[in-house]
Amino acid sequence: MSDYLKDLFSLEGRVALVAGASSGIGANFARALARAGADVVLGARRVERIKALSDDIADDTGQRTLAVQLDVTDGDSVKAAFDQAAENLGVPTIVCNNAGIADPMWAIDVTEESWDKVMDTNLKGMWRVATEAASRMRDAGRGGSIVNTASILGLGVGPTHTTYSTSKAGVVQMTRNMAIEFQRFGVRVNALCPGYFKTEINESYLESEPGRTHVAMTPAKRVGDLKELEAPLLMLVGAGGSFVSGVALPVDGAHSVLIV
Ligand code: NAI
């Protein structure tokens, strides 16, 4: 990498924590951050799975990695994950707040149980992780960068997605509010708003006939490749993004700007 690119994107000497790292976008973020030079803490509920992934990323990149159990719906679990990160690798100054679930159903059929589960994970869970992350950075006197994985469904809406899109719109607003408040600690907060990427959260839908028809109607006529989220992430967390905060960045092949 040239010195010019290194100054913009290298994460050497940084510690990153990825919440929801056991699959899909989070697993790929963890590897991308290590490839860019960060030591990486992988947090998820399925600890056996992230242990294997953590070892694989360490072998692949030569960076230090750590797998920690993390349930974003449990405040004690969030604190314990940050404690383990700090003890083993150092205070994370890059935090990918990525855990999320979907429970699609028509708005009229949504149960309180479903509503609470989606909100507790997608919105309150991201609030738990982001506030814990920022307070640790503040207490350590270190600036940093928090990236919340929102969605294009936090910017627009779609059938059967009332709870999910409401939670993700909340993440977008939370991102903006935290960005103005955490600036005083040198902590930037941004949201990535992915379009459709095939992962465990949506693969059965995207492989179905309605899913394929849906994707064919988007401007790019394809789902994203996980690699296409890496450069936007690296821009948001690296030195090159030092004046970028409070942004909700769609990475979606123009899906979110289409009016049909
Ligand atoms: P995924 O299902 O592969 O990953 C979700 C991750 O969140 C998993 O690692 C899961 O274990 C973790 N998770 C769920 N509940 C958790 C909890 N209580 N505590 C800790 N971890 C928990 O799906 P994907 O696509 O990788 O999702 C990652 C994020 O990206 C989610 O926030 C999702 O809403 C968002 N997203 C995904 C899109 C897509 O097309 N795949 C589009 C837009 C946003």
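Atoms within each ligand, like the ligands themselves, are counted from 1 in listed order. Computed from heavy atoms alone, side chains included, the values below leave out hydrogens, waters and symmetry copies. FYI, the numbering just counts along the sequence from 1. Small disclaimer: the values here were computed from a predicted structure and weren't measured.
Relative to the six-membered ring of Phe185, Arg138 meets both conditions, a distance below 6.0 Å and an angle of at most 45° to the axis.
For a heavy-atom separation below 4.0 Å, the residues in contact with ligand 1 are Gly20, Ser22, Ser23, Gly24, Ile25, Arg45, Arg46, Leu70, Asp71, Val72, Thr73, Asn98, Ala99, Gly100, Ile101, Thr121, Thr149, Ala150, Ser151, Tyr164, Lys168, Pro194, Gly195, Tyr196, Phe197, Thr199, Glu200, Ile201, Asn202.
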Atom pairs and distances, donor-acceptor, side-chain atoms in residues 231-256, under 3.5 Å, two or more places apart:
{"from": "Ser242", "atom 1": "OG", "to": "Ala239", "atom 2": "O", "distance (Å)": "3.3"}
{"from": "Ser245", "atom 1": "OG", "to": "Val189", "atom 2": "N", "distance (Å)": "3.1"}
{"from": "Asp252", "atom 1": "OD1", "to": "Ala254", "atom 2": "N", "distance (Å)": "3.1"}
{"from": "Asp252", "atom 1": "OD2", "to": "His255", "atom 2": "N", "distance (Å)": "3.3"}
{"from": "Asp252", "atom 1": "OD2", "to": "Ser256", "atom 2": "N", "distance (Å)": "2.6"}
{"from": "Asp252", "atom 1": "OD2", "to": "Ser256", "atom 2": "OG", "distance (Å)": "2.6"}

Enumerate donor-acceptor pairs with a distance under 3.5 Å from any side-chain N or O in residues 18-36 to protein atoms, sequence neighbours excluded.
{"from": "Ser22", "atom 1": "OG", "to": "Arg46", "atom 2": "NE", "distance (Å)": "3.4"}
{"from": "Ser22", "atom 1": "OG", "to": "Arg46", "atom 2": "NH2", "distance (Å)": "3.0"}
{"from": "Ser23", "atom 1": "OG", "to": "Arg46", "atom 2": "NH2", "distance (Å)": "3.4"}
{"from": "Asn28", "atom 1": "ND2", "to": "Leu226", "atom 2": "O", "distance (Å)": "3.3"}
{"from": "Asn28", "atom 1": "ND2", "to": "Glu230", "atom 2": "OE2", "distance (Å)": "2.8"}
{"from": "Arg31", "atom 1": "NH1", "to": "Asp56", "atom 2": "OD2", "distance (Å)": "3.4"}
{"from": "Arg31", "atom 1": "NH1", "to": "Asp60", "atom 2": "OD2", "distance (Å)": "3.0"}
{"from": "Arg31", "atom 1": "NH2", "to": "Asp56", "atom 2": "OD2", "distance (Å)": "2.6"}
{"from": "Arg35", "atom 1": "NH2", "to": "Asp60", "atom 2": "OD2", "distance (Å)": "3.1"}

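Ser77 and Asp71 form no side-chain donor-acceptor contact under 3.5 Å, judged by distance and modelled atom types alone.
Sequence neighbours left out, the pairs with a member in residues 114-126 that pass salt bridge (charged side-chain N to carboxylate O under 4.0 Å, His left out) are Asp120-Arg128.
A salt bridge is defined here as a Lys NZ or Arg NE, NH1 or NH2 lying under 4.0 Å from an Asp or Glu carboxylate O, and Glu132 with Lys79 meets this definition.
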